[in-house]
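Worksheet: one structure, shown below.
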Amino acid sequence: MRLRFFTLVCLCCCWFVSSEGETVSCSKIVPLGFRSGNISITEFGGVGDGRTLNTKAFREAIYRIQHLPRVGGTLLYVPPGVYLTEPFNLTSHMTLFLAAGAVIMATQDSSNWPLIAPLPSYGRGRELPGGRYMSFMHGNGVQDVVKMGQLMDKEMCGGISGDRDLFSLPDQTLLNFNVVIRFVTILAPRDSPNTDGIDPDSSSNVCIEDSYISTGDDLVAVKSGWDEYGIAYGLPSSNITIRRVSGSSPFAGIAVGSETSGGVENVLAEHINLYKMGIGIHIKTNSGRGGFIKNITVSHVYMEEARKGIRISGDVGGHPDDKFDPNALPLVKGVTIKNVWGVKVLQAGLIQGVKNSPFTDICLYDINLRGVTGPRNPPWKCSDVSGFAHQVSPWPCSELSSNQQGSCANYS
Ligand SMILES: *[C@@H]1O[C@H](CO)[C@@H](O)[C@H](O)[C@H]1NC(C)=O
Ligand SMILES: *[C@@H]1O[C@H](CO)[C@@H](O)[C@H](O)[C@H]1NC(C)=O
Ligand SMILES: *[C@@H]1O[C@H](CO)[C@@H](O)[C@H](O)[C@H]1NC(C)=O
Ligand SMILES: *[C@@H]1O[C@H](CO)[C@@H](O)[C@H](O)[C@H]1NC(C)=O
């Protein structure tokens, strides 16, 4: 049987924040105009007419960047136009630069969507045993990649079939912000399955900022491998910054997990605007995962219309097979969520730790999540968790007492 999902996907440049002075940005750390090489997709036969397939052009341009490296790397310039393409791999030391009015559109034809070997840290495809679909713009083992868009005033969309993430970035292992994604718009229809926006997986030093993501699954999800495969692989995600990201999804806005078997630490997500959400902020893991989730900070979040505002859960996501170790319990310690304002939130919060591995140092400060019908919505529900809450409305459960301790003691 042939399944067709008509999942629309559109990558285009997005709202341009003319950031002056005080605005914190990845570019303060990674200079974005530093590439010594500059090639245009048109030199490789790229045609932005919305109909011509540009797969060969993208793959050849990126092959050139990979095999004829320039000191300081190369910028791949995409002029205005709509560039239809099948998926392609990114390479290290490159900037994918979309000029104002440039759109990279995924092909409608799902028959050529490559299946690639599963990540060793997953053991199998995420949704089905066997291989996995490559991401639309795929990076494996890459470093020093920048994706960047400019202002555009018109949005256009194409289509692909479902069951894949739009970006996944496994295996970054190197220095400060090696991967930067900024000024991009990522769109997939609300009902498209498994279309996470951006998933840094076993990746470090990633900065995602000033972007709009609207998909059928989590907008940004930080991961690091699945159960026994992820534990054996043992490569964490760390030092991830997510900043000034907006969007809408029936699942989570900012997510950690649920595949976190290699560990996730030092994640900062701030200035996040969410609309029509399943869950605003979702930290998720499971027994059998092992690994850890440590030092996660989410702050300055505005959400409007959400089923749940905040969820931290220890029983989410399935297992790759029946060889997982049920005694491999995850450690969740040091999650700070602060300055969150929500309206039309059906349930403010739900925190369910793992029975023999309770979540600790869960700190909630200055949170106001209003219900649909009035200022109050159903109470928080918590189990196997300890931490501290201050100025949280509706008031969370007694487990998050006002007894400041652990990392929550840093609050003043
Ligand atoms: C790269 O080259 C294109 C023309 O191919 C030009 O329009 C663009 O401004 C150049 N970008 C940089 C950063 O030099
Ligand atoms: C893209 O990279 C994957 C590994 O992540 C590899 O399996 C695949 O062959 C590559 N595809 C192309 C077209 O280079
Ligand atoms: C993450 O950042 C911390 C603190 O700046 C640093 O000590 C650590 O080496 C970084 N981790 C990686 C993998 O780069
Ligand atoms: C915790 O994460 C933050 C980023 O949110 C980072 O600045 C800080 O250095 C981390 N703390 C430790 C102890 O690594």
Side-chain angles (χ1 to χ4, degrees), residues 24 26 29-30 44 53-67 85-92 94 107 112-122 125-126 130-145 164-165 167-179 199-209 220 222 224 233-243 254 256 262-272 281 283 292-301 332-339 361 363 406-411:
V24 192
C26 320
I29 299 133
V30 176
F44 298 84
L53 202 56
N54 290 285
T55 313
K56 203 163 160 276
F58 278 106
R59 290 184 184 168
E60 279 177 5
I62 289 166
Y63 184 91
R64 156 91 76 92
I65 296 171
Q66 191 176 3
H67 291 93
T85 177
E86 292 166 323
F88 55 86
N89 283 328
L90 300 164
T91 189
S92 296
M94 73 172 284
T107 172
N112 290 326
W113 202 283
L115 267 177
I116 58 176
L119 284 172
S121 56
Y122 280 69
R126 182 61 186 86
R132 62 187 169 124
Y133 288 111
M134 77 183 270
S135 298
F136 180 39
M137 295 181 196
H138 188 89
N140 192 2
V142 297
Q143 51 164 308
D144 181 23
V145 177
R164 63 214 50 170
D165 299 332
F167 287 118
S168 72
L169 296 162
D171 287 10
Q172 323 307 324
T173 40
L174 290 148
L175 305 171
N176 271 350
F177 289 144
N178 286 317
V179 175
D199 288 356
D201 195 318
S202 292
S203 297
S204 290
N205 307 310
V206 177
C207 181
I208 299 162
E209 66 179 15
V220 178
V222 182
S224 65
Y233 200 69
L235 186 59
S237 279
S238 65
N239 302 356
I240 312 262
T241 302
I242 303 155
R243 199 189 275 131
I254 298 299
V256 173
V264 173
E265 65 184 336
N266 305 352
V267 175
L268 172 65
E270 59 182 9
H271 302 289
I272 308 296
I281 301 160
I283 316 281
F292 56 82
I293 297 175
K294 290 193 301 203
N295 188 23
I296 312 292
T297 302
V298 184
S299 81
H300 294 92
V301 179
V332 178
K333 184 178 171 65
V335 176
T336 299
I337 301 176
K338 60 187 180 186
N339 299 308
D361 297 357
C363 327
S407 66
C408 303
N410 300 333
Y411 181 73

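For ligands, and for the atoms within them, numbers begin at 1 and follow the listed sequence.
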- Per-residue contact class, Asn239 against ligand 4 - non-hydrogen pairs under 4.0 Å: neither
- Pair Arg132-Leu119, side-chain contact (heavy atoms from CB on, under 4.5 Å): steps then yes or no: CA-CA 8 Å; Arg132 62 187 169 124; Leu119 284 172; 3.5 Å; yes
- Distance-only N or O hit between ligand 3 and Asn205, under 3.5 Å: yes
- Item | Donor on one side chain, acceptor on other, Asn266 and Asn239, under 3.5 Å | yes
- Query: Any N or O of Asn295 that comes nearer than 3.5 Å to an N or O of ligand 4?
  - Reply: yes
- Note on the structure: d(Phe292 CZ, Asn295 CG) to nearest 0.5 Å is 10.5 Å
- Atoms in ligand 3 flagged as close to Ser204, the criterion being non-hydrogen separation under 4.0 Å: 13 (C)
- Are any non-hydrogen side-chain atoms of Val301 and Asn339 less than 4.5 angstrom apart? no
- Protein heavy atoms: any of them under 4.0 Å from atom 2 (O) of ligand 2? yes
- Item | Subset of ligand 2 atoms that lie under 4.0 Å from at least one heavy atom of His138 | 5 (O)
- Atom pair CG (Asn89) and OH (Tyr63), whose distance is rounded to the nearest 0.5 Å: 13.5 Å
- Just do the side-chain contact (heavy atoms from CB on, under 4.5 Å) check on Thr107 and Thr85 with the steps written out, would you? CA-CA 5 Å; Thr107 172; Thr85 177; over 6 Å; no
- Task: Check ligand 2 against Ile116 and write out every atom of the ligand that is under 4.0 Å from a heavy-atom position of the residue.
- Result: 7 (O)
- Option nearest atom 5 (O) of ligand 4 (shortest heavy-atom distance, choices Ile240, Leu268, Ile296): Leu268
- Do Asp361 side-chain atoms and Lys333 backbone N/O form a donor-acceptor pair below 3.5 Å? no
- Contact check: Asn140 vs ligand 2, nitrogen or oxygen atoms, below 3.5 angstrom: yes
- Query: For atom 8 (C) of ligand 2, what's the nearest protein heavy atom and its distance?
  - Reply: Asn89 ND2, 3.8 Å
- atom 13 (C) of ligand 4 protein-contacted (non-hydrogen atom, under 4.0 angstrom): no
- Query: Looking only at N/O atoms, are Arg59 and ligand 2 under 3.5 Å apart anywhere?
  - Reply: no
- Task: Report yes or no: do Thr297 and Thr336 form a side-chain donor-acceptor pair below 3.5 Å?
- Result: no
